[in-house]
Amino acid sequence: MSVESTPPAAPSLDFIREIIAEDLASGACGGQVVTRFPPEPNGYLHLGHAKSICLNFGLAQEHAPHARCHLRFDDTNPTKEEVEYVESIQEDVRWLGFDWGTHLYYASDYFEKLYSFALQLIDKGLAYVDDQSAEEIRQGRGTLTSPGVASPYRDRSPSENRALFERMRAGEFKEGERVLRARIDMGSPNMNLRDPVLYRVLHAHHHRTGDAWCLYPMYDYAHPLSDALEGITHSLCTLEFEHHRPLYDWLIEHVDGLPSRPKQREFARLNLTYTLMSKRKLLRLVREGLVSGWNDPRMPTLSGIRRRGYPAAAVRQFCKAIGLTKYPSLTELNLLEHHVREELNRISRRVYAVLNPVRVVLTNYPEGQVEFLEIPNNPEDEGAGSRQVPLSRELFIEAEDFMQHPVPGFHRLVPGGEVRLKYAFCIICQEVITDANGAVVELRCTYDDATRRGAKPVGRPKVKGTIHWVSAAHALEVPVRLYDRLFTAEEPESAGEQEGDFTAALNPASLLEVSARIEPSIAEAAPAAHYQFERVGYFFTDPQDSRPGAPVFNRTVTLKEGFTIKPTAA
RNA sequence: UACCCCGUGGUGUAACGGUAACACAGGAGAUUUUGGAUCUCUUAUUCAAGGUUCGAAUCCUUGCGGGGUAGCCA
């Protein structure tokens with residue numbers, strides 16, 4: 001017996017998912033959801049692509065088993081594309097956690113079909129070969145406020161066009177001598193409809209088709225037809241293609257014999273504060289050596305953030321959190337960092353590392369004695385187990401954990417004051433030794449055996465601070481790279497407005513290399529492992545530069561900071 | 001200044017003609033062997049003006065603001 005129950009609160013759908021739900025309900029897409037992620041292999045994928053990947057592959061997962069997502073390389077411009085990029089793109093999509101199964105395609109696979117479709121348009125009088133130069137075509141196109149004028153070649157006969165187009169394919173023309181144009185409307189307020197170029201001659205070697213072609217289709221022509229050939233139901237792209245949609249539809253409408261009629265929809269691209277999301281500009285950072293490469297941990301590329309230690313799950317969560325709209329938003333970096341910390345807090349082993357050491361001598365601790373303390377690996381995760389950490393008479397603590405002249409609110413070590421060494425005992429600073437310049441070089445302290453194991457003897461003032469430490473004799477020295485945001489400006493693209501150069505906003509302190517004193521258990525660290533340096537931040541063993549027994553650490557993100565010493569205003 | 005798209009707390013989103021809510025960020029407190037985490041509480045929102053309606057963030061008009069578009073790039 002079925003009982004009428006209150007309908008479960010429908011999860012709110014974004015506008016794309018709403019459209020898909022409607023299409024599914026009306027049967028407009030044949031009960032299937034087929035999407036595609038169509039990068040051009042001309043660079044590395046970045047966080048903006050992650051948004052698109054999560055959308056397209058996510059949709060396929062949500063509608064399984066009546067759905068799939070294709071990975072298609074939009075390789076119609078051989079002058080910019082390389083196999084290096086097609087390989088990195090596949091690696092990045094997989095890393096993000098998605099799988100295209102057998103559905104790997106290349107627009108270049110369709111060159112022959114696309115060519116025959118062009119012949120068809122020519123025969124219908126819907127396309128013509130234009131002999132004008134690029135400059136003449138540009139002039140003829142008109143401007144945003146004035147209509148274009150027809151090319152003198154616009155009314156060539158289909159047979160003449162066909163013969164010319166065949167000769168273009170045969171290699172009889174130099175680059176720029178002839179193009180194929182759609183015959184639409186030179187007076188259209190939409191520039192894309194003013195007889196857009198469909199094919200151009202390019203005597204270039206293609207990374208897949210080699211020298212088989214010297215005639216290459218334009219994106220606007222190849223994309224809708226490739227979508228149709230693959231049976232894509234929903235072709236999702238970013239807002240700047242909005243004005244291309246009428247052309248997309250025009251081609252689907254006028255080419256006969258297409259197996260499906262895909263629909264293009266547009267959403268806003270991702271913008272993030274303190275970074276760039278333009279392949280062209282990222283390429284410039286790489287080319288000019290402003291970063292170490294596409295996978296520099298400061299880069300917003302997927303290979304960069306992966307090397308920095310951002311977990312794929314955090315990126316997926318972030319993509320879910322930012323939503324999907326047509327509003328050209330600017331998302332705060334700290335939302336991404338929030339998801340990174342949330343994930344890392346769950347999975348990271350804790351470890352003690354001192355980045356900026358000050359020597360502490362425990363004057364009442366027996367010389368030569370070493371003890372091992374059992375310390376949990378992750379208090380958030382019982383199953384993570386524990387480790388033995390050596391403790392001895394001489395230690396290092398963080399220089400920032402001691403203040404000779406403390407400011408109000410400082411809870412850590414001060415002259416004559418007491419602080420807890422985490423998982424060890426409390427110490428009192430008895431003497432401060434400084435060098436000739438007054439810099440603190442050593443703290444002579446006494447420890448209190450009654451405060452072991454977190455004990456708080458009654459009747460004593462409360463110890464507010466707990467700090468991390470390492471045994472001086474046992475600590476390892478490891479290279480640590482402290483990464484910070486690449487740019488100092490929220491919107492680096494508009495920051496260098498005067499000079500018109502985003503490099504003006506580069507953060508000079510985006511990378512600081514230091515040598516850290518770290519507990520010896522770290523010698524076993526695997527490459528590509530996440531750690532939390534307690535009270536400092538999350539760190540990742542660099543997959544490229546770490547060696548067995550000799551890890552190199554990248555700071556993924558700092559811990560959220562509570563107390564900060566405010567610079568005292570004069 | 002032609003056409004298209006978009007305007008909801010500081011930021012990003014939800015509310016689909018019927019009580020403006022969630023997350024991040026900010027603030028306060030509790031708790032804590034990480035000034036982390038966790039848990040409470042809290043500050044703050046419909047671009048503007050008209051109109052339709054019993055009722056408008058939602059529909060209409062105008063204005064204002066933001067974004068996009070004039071590659072033989074994608």
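Every chain is numbered from 1 and lettered A, B, ... according to where its sequence line falls, protein lines coming before strand lines. From a predicted model like this one, the values you see are computed outputs, not experimental measurements.
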Kindly say whether the aromatic ring centers of F111(A) and Y216(A) come within a distance under 6.0 Å. yes
Mind checking side chain to side chain contact (heavy atoms under 4.5 Å, CB included) for N356(A) and listing every partner two or more places apart, or none if nothing turns up? E398(A), A399(A), E400(A)
Taking the side chain of V197(A) as its heavy atoms from C-beta onward, which of U34(B), C72(B), C73(B) lies nearest to it? C72(B)
Parallel, tilted or perpendicular: which one describes the rings of F533(A) and F539(A), with boundaries at 30° and 60°? parallel
So, H223(A) and A74(B): ring centres less than 5.5 Å apart, planes less than 30° off, yes or no? no
Under a 4.0 Å N-O cut-off, is there an ion pair linking K80(A) with E40(A)? no
Nearest-nucleotide pick for R141(A), side chain only, options being U33(B), G35(B), G71(B): G71(B)
Report, as yes or no, whether the 6.0 Å neighbourhood of atom CZ on R269(A) holds more than 12 heavy atoms from other residues, nucleotides or ligands. no
Let's test this: given Watson-Crick or G-U wobble pairing with both distances under 3.5 Å, identify the partner of A30(B). U38(B)
Partner nucleotide, any strand, of U45(B) [Watson-Crick/G-U, under 3.5 Å]: none
Whole Å only: how far is the CE atom of M218(A) from the C1' atom of C72(B)? 6 Å
Base, sugar-phosphate alone, or nothing: which one does G562(A) contact when heavy atoms must sit under 4.0 Å apart? sugar-phosphate
Nearest to the side chain of L144(A) - C72(B), U69(B), C6(B)? U69(B)
Assign G7(B) to syn or anti; the rule is syn for a glycosidic angle within 90° of 0 and anti otherwise. anti
Looking only at G35(B), A25(B), A14(B), the nucleotide nearest the S12(A) side chain is A14(B)
Counting side-chain heavy atoms from CB outward, which of G71(B), G36(B), G35(B) is closest to R535(A)? G35(B)
Write down the distance between CG (L413(A)) and P (G35(B)), rounded to a whole number of angstrom. 14 Å
Under a 3.5 Å cut-off for both contacts, is U13(B) paired Watson-Crick or G-U wobble with anything, and if yes, with which nucleotide? A21(B)
Can you tell which of C24(B), U8(B), U34(B) lies closest to the side chain of P379(A)? U34(B)
When you measure only distances, ignoring hydrogens and angles, does the side chain of E380(A) come within 3.5 Å of the base of G36(B) through a donor and an acceptor? yes
For a quick test of reading the model: is some side-chain N or O of K80(A) closer than 4.0 Å to OP1 or OP2 of A74(B)? no
For G55(B) and A20(B), measure between their C1' atoms and round to the nearest Å. 15 Å
Measure CZ/F267(A) against C1'/G67(B) and give the value in whole Å, please. 16 Å
Is the ring centre of Y199(A) less than 6.0 Å from the ring centre of F165(A)? yes
With the side chain defined as heavy atoms from C-beta on, E40(A) is closest, among U33(B), U1(B), A74(B), to A74(B)
Identify which nucleotide among G12(B), U34(B), C72(B) has an atom closest to any side-chain atom of L559(A), counting heavy atoms from C-beta outward. U34(B)
Classify E177(A) by what it touches in the nucleic acid, base, sugar-phosphate, or nothing, heavy-atom distance under 4.0 Å. nothing
Decide yes or no, distance alone: a donor-acceptor N/O pair under 3.5 angstrom between the base of U34(B) and the side-chain of R350(A). yes
Any side-chain N or O of T143(A) under 4.0 Å from OP1/OP2 of A2(B)? no
Would you please indicate if the ring centroids of W469(A) and F396(A) are separated by under 6.0 Å? no
Looking at R200(A), I'd like to know whether one of its side-chain N or O atoms comes within less than 4.0 Å of OP1 or OP2 on A74(B). yes
Do Y538(A) and Y531(A) have ring centres separated by under 6.0 Å? no
Proximal nucleotide (of C72(B), C6(B), G71(B)) relative to the R138(A) side chain: G71(B)
Examine the base of U34(B) for any acceptor or donor lying under 3.5 Å from a partner atom in the side chain of Q532(A), and report the outcome as yes or no. yes
Distance, C1' atom - from U38(B) to U33(B), rounded to whole angstrom: 16 Å
Using a cut-off of strictly less than 4.0 Å, decide whether K560(A) has a side-chain nitrogen or oxygen near OP1 or OP2 of A25(B). yes
Base, sugar-phosphate, or nothing: which does F241(A) touch, judged by heavy atoms less than 4.0 Å apart? base
Complementary nucleotide for C64(B) - Watson-Crick or wobble, under 3.5 Å: G7(B)
Check every atom of C72(B), U33(B), G35(B) against the side chain of R420(A) and return the nucleotide holding the closest atom. U33(B)
When all nucleic acid strands are considered with a 4.0 Å heavy-atom cut-off, which category describes F410(A): base, sugar-phosphate, or nothing? base
If the cut-off is 4.0 Å, is T325(A) near the phosphate of G12(B), judged by side-chain N/O to OP1 or OP2? no
On a whole-Å scale, what distance lies between the C1' atoms belonging to G9(B) and U43(B)? 10 Å
Does H223(A) have its ring centroid less than 6.0 Å away from the ring centroid of Y219(A)? yes
Does E175(A) get its side chain close enough to the base of C72(B), under 3.5 Å, for a donor-acceptor pair? no
Taking donor-acceptor contacts at under 3.5 Å, does the side chain of R412(A) reach the base of G35(B)? yes
Whole Å only: how far is the CG atom of L247(A) from the P atom of A70(B)? 13 Å
Where do V149(A) and M186(A) come nearest, in terms of heavy atoms and distance? O-CE, 3.3 Å
Can you measure E240(A) atom CD to C6(B) atom C1' for me and round it to whole angstrom units? 14 Å
Answer for the Watson-Crick or wobble partner of C73(B), both distances under 3.5 Å, is none
U53(B) and C5(B), which share atom name P, separated by this distance in whole Å: 28 Å
Between CD of E493(A) and C1' of G67(B) the distance, given in whole Å, is 13 Å
In this structure, how many angstroms lie between the C1' atom of U34(B) and the NE2 atom of H468(A), rounded? 9 Å
Take atom C1' in U46(B) and the same atom in G27(B), then report the distance between them in whole Å. 24 Å
Pairwise P distance for U42(B) and C22(B), with rounding to whole Å: 11 Å
CG of N192(A) versus P of C4(B): gap in Å, rounded? 14 Å
Does the structure show Y219(A) stacking with A74(B), if we require the centres to be closer than 5.5 Å and the planes to be within less than 30 degrees of parallel? no
Taking the P atom of each, how far is A25(B) from G68(B), in whole Å? 29 Å
